[in-house]
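Everything numeric in this text was worked out from a predicted model, so none of it was measured. Numbers for residues simply follow the sequence, beginning at 1. We use all heavy atoms of the structure for the numbers below, so side chains are in, but hydrogens, waters and symmetry mates are not.
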Amino acid sequence: MKKRKLGAIILAAGQGKRMQVDGVNKVTLQLNNKPIIAHIVQFMKRMTIDTVVVVVGHAKESVMQTLASEHVLFAEQTERLGTGHALQVGVTVLPDDVTDVLVVYGDDAVFYNDKHVPVMEELFNEQLTSDAAFTFLTIKQDNPAGLGRIVRDKTGHLLAIVESKDATEEQLKINEINPGCFVFSVDFLRKYLPKVVPSSVTGEYYLTSLIDLAIQDKLKVQTVRGGQMAWRGVNTREELAE
């Protein structure tokens, strides 16, 4: 049996239009005297993840220069076709010995720090000691407006992630959300990423479509509940300042 080995993919190809910066990717902006993306890569290294792939696209040179001394691999998303497509690009450069991969976004993952190590280790252990297609983190937010809700049955079994705009009034009362922190089996990704279909609205391929595909095919999907964690998107100058 192949020994399980964990790698990481950070999705950092998007333009981040709402941040309104020219010539650089928003993940290179400073937060606490260090680029956002550097915080994330260094956290991965502290978690002893040796193989880190950064998917670049918009203003790719700014990201690559920022991480020049960090010993990461780069994958270029030449067309911005959504997070599912970005992940597919990232998987192509993973070394063959990586069996499972932590996937995060290149902005909001900046909030993971040393106090989150126990929940991250639980996330990794749940995936690496199981036959799950993937395991992902859920957290609780006092104000989950605009975020995907975690829908479960009465026994706590995962049924779906429902985007805020598609949720019923009852589902909007749920405060357990998806912060975009997944550990996937690489074999699952290679099989199922090609099955993701583009959104009829945006034409983009979404990473979260993998959840629907896995549930539809009755594959094992696990969650680790992180409880109340400090987490938020970093999409505007105001959010960055806060």
Review point. Can you name the closest pair of heavy atoms from V93 and A75 and give their distance?
Key: CG2-CB, 3.9 Å
**Study point:** Exceeds 12 heavy-atom contacts within 6.0 angstrom, atom CG of D96
**Key:** no
Check your understanding: Would you say N25's side chain and S62's backbone share a donor-acceptor pair under 3.5 angstrom?
Key -> no
Practice item. Could you check Q171 against S164 for side-chain contact (heavy atoms from CB on, under 4.5 Å), going step by step and ending with a plain yes or no? Key: CA-CA 9 Å; Q171 289 168 340; S164 184; over 6 Å; no
Exercise for review: Could you tell me whether the side chain of V72 reaches within less than 4.5 Å of the side chain of V53, counting heavy atoms only?
Suggested key: no
Exercise for review: Apply side-chain contact (heavy atoms from CB on, under 4.5 Å) to the pair V224 and T138, showing each step before the final yes or no.
Suggested key: CA-CA 6 Å; V224 167; T138 75; over 6 Å; no
Point to revise | Side-chain heavy-atom pair L31, V110 within 4.5 angstrom cut-off | key: yes
Revision key, fill the gap. In terms of heavy-atom contacts, Q141 and I139 come closest through NE2-CD1, 3.9 Å
Review point. What closest approach, in Å, do L6 and L102 show between heavy atoms, and which atom pair accounts for it?
Key: CD1-N, 3.9 Å
Check your understanding: Does CD belonging to E170 count more than 12 external heavy atoms closer than 6.0 Å?
Key -> no
Practice item. Decide, yes or no, whether a salt bridge links R152 with E176 under the criterion of side-chain N to carboxylate O below 4.0 Å. Key: yes
**Study point:** Side-chain heavy-atom pair C181, F136 within 4.5 angstrom cut-off
**Key:** no
Check your understanding: Same hydrophobic cluster for I37 and M64, using side-chain heavy-atom links shorter than 4.5 Å among ILVMFWY?
Key -> yes
Point to revise | Gap between atom OG1 of T129 and atom CZ of R4 - 0.5 Å precision | key: 8.0 Å
Practice item. Please check if the side chain of S130 supplies one atom and the backbone of E126 the other of a donor-acceptor pair under 3.5 Å. Key: yes
Review point. Are I10 and F124 co-members of a hydrophobic cluster defined by side-chain heavy atoms under 4.5 Å apart?
Key: yes
Exercise for review: Verify, without hydrogens or angle tests, whether H39 (side chain) and Y112 (backbone) share a donor-acceptor contact under 3.5 angstrom.
Suggested key: no
**Study point:** Distance in Å, M47 CE paired with L123 CG, rounded so as to fall on 0.5 Å steps
**Key:** 9.0 Å
Study note, to complete from the structure: Correct closest heavy-atom pair for Q127 and S185 would be NE2-N, 3.5 Å
Check your understanding: Looking only at atom types and distance, does a side-chain atom of Q77 sit under 3.5 Å from a main-chain N or O of G82, one as donor and one as acceptor?
Key -> yes
Exercise for review: Check whether I49 and V54 end up in the same hydrophobic cluster, where Ile, Leu, Val, Met, Phe, Trp and Tyr are linked by side-chain heavy atoms less than 4.5 Å apart.
Suggested key: yes
Review point. Can you tell me how far CG of D217 sits from CG of L219, rounded to the nearest 0.5 angstrom?
Key: 5.5 Å
Point to revise | Side chain to side chain, P198 and H85, heavy atoms closer than 4.5 Å | key: no
Check your understanding: For I174, does its backbone N or O pair with a side-chain atom of R149 as donor and acceptor, under 3.5 Å?
Key -> yes
Check your understanding: So, are K5 and D100 salt-bridged, with charged N and O less than 4.0 Å apart?
Key -> no
Review point. According to the interplanar angle, ranging from 0 to 90°, do the rings of F188 and F134 count as parallel (below 30°), tilted (30 to 60°) or perpendicular (above 60°)?
Key: tilted
Check your understanding: Does some side-chain heavy atom of K173 sit less than 4.5 Å from a side-chain heavy atom of E169?
Key -> no
Point to revise | Side-chain heavy-atom pair L189, L210 within 4.5 angstrom cut-off | key: yes
Review point. Is there a donor-acceptor pair closer than 3.5 Å between any side-chain N or O of R225 and the backbone N or O of K140?
Key: no
Review point. Going from CD1 on I161 to CG on L147, what distance comes out if it is rounded to the nearest 0.5 angstrom?
Key: 11.0 Å
Check your understanding: Under 4.5 Å between any side-chain heavy atoms of V103 and L87, yes or no?
Key -> yes
Check your understanding: Is there a side-chain contact (heavy atoms from CB on, under 4.5 Å) between V117 and F43 once you walk through the steps?
Key -> CA-CA 9 Å; V117 167; F43 178 71; 4.1 Å; yes
Check your understanding: Roughly how far apart are D187 CG and T99 OG1, rounded to 0.5 Å?
Key -> 8.0 Å
Check your understanding: Minimum heavy-atom separation for Y205 to V197, with atom names?
Key -> CD2-C, 3.9 Å
Check your understanding: What is the distance from atom CD1 of I40 to atom CG of D107, rounded to the nearest 0.5 Å?
Key -> 7.0 Å
**Study point:** NZ (K220) with more than 12 external heavy atoms under 6.0 Å
**Key:** yes
Review point. Is any side-chain heavy atom of I9 closer than 4.5 Å to a side-chain heavy atom of V91?
Key: yes
Exercise for review: Answer yes or no: is there a donor N or O on one side and an acceptor on the other, between the side chain of N125 and the main chain of E121, under 3.5 Å?
Suggested key: yes
Check your understanding: What are the two closest non-hydrogen atoms of L207 and Y105, and how far apart are they?
Key -> CD1-OH, 4.0 Å
Check your understanding: With the 4.5 Å side-chain cut-off for hydrophobic clustering, are Y192 and V183 part of the same group?
Key -> no
**Study point:** Co-membership, hydrophobic cluster, residues M44 and L73, 4.5 Å side-chain
**Key:** no
Review point. Going through the distances and angles, do L137 and T223 end up as a side-chain contact (heavy atoms from CB on, under 4.5 Å)?
Key: CA-CA 6 Å; L137 182 67; T223 60; over 6 Å; no
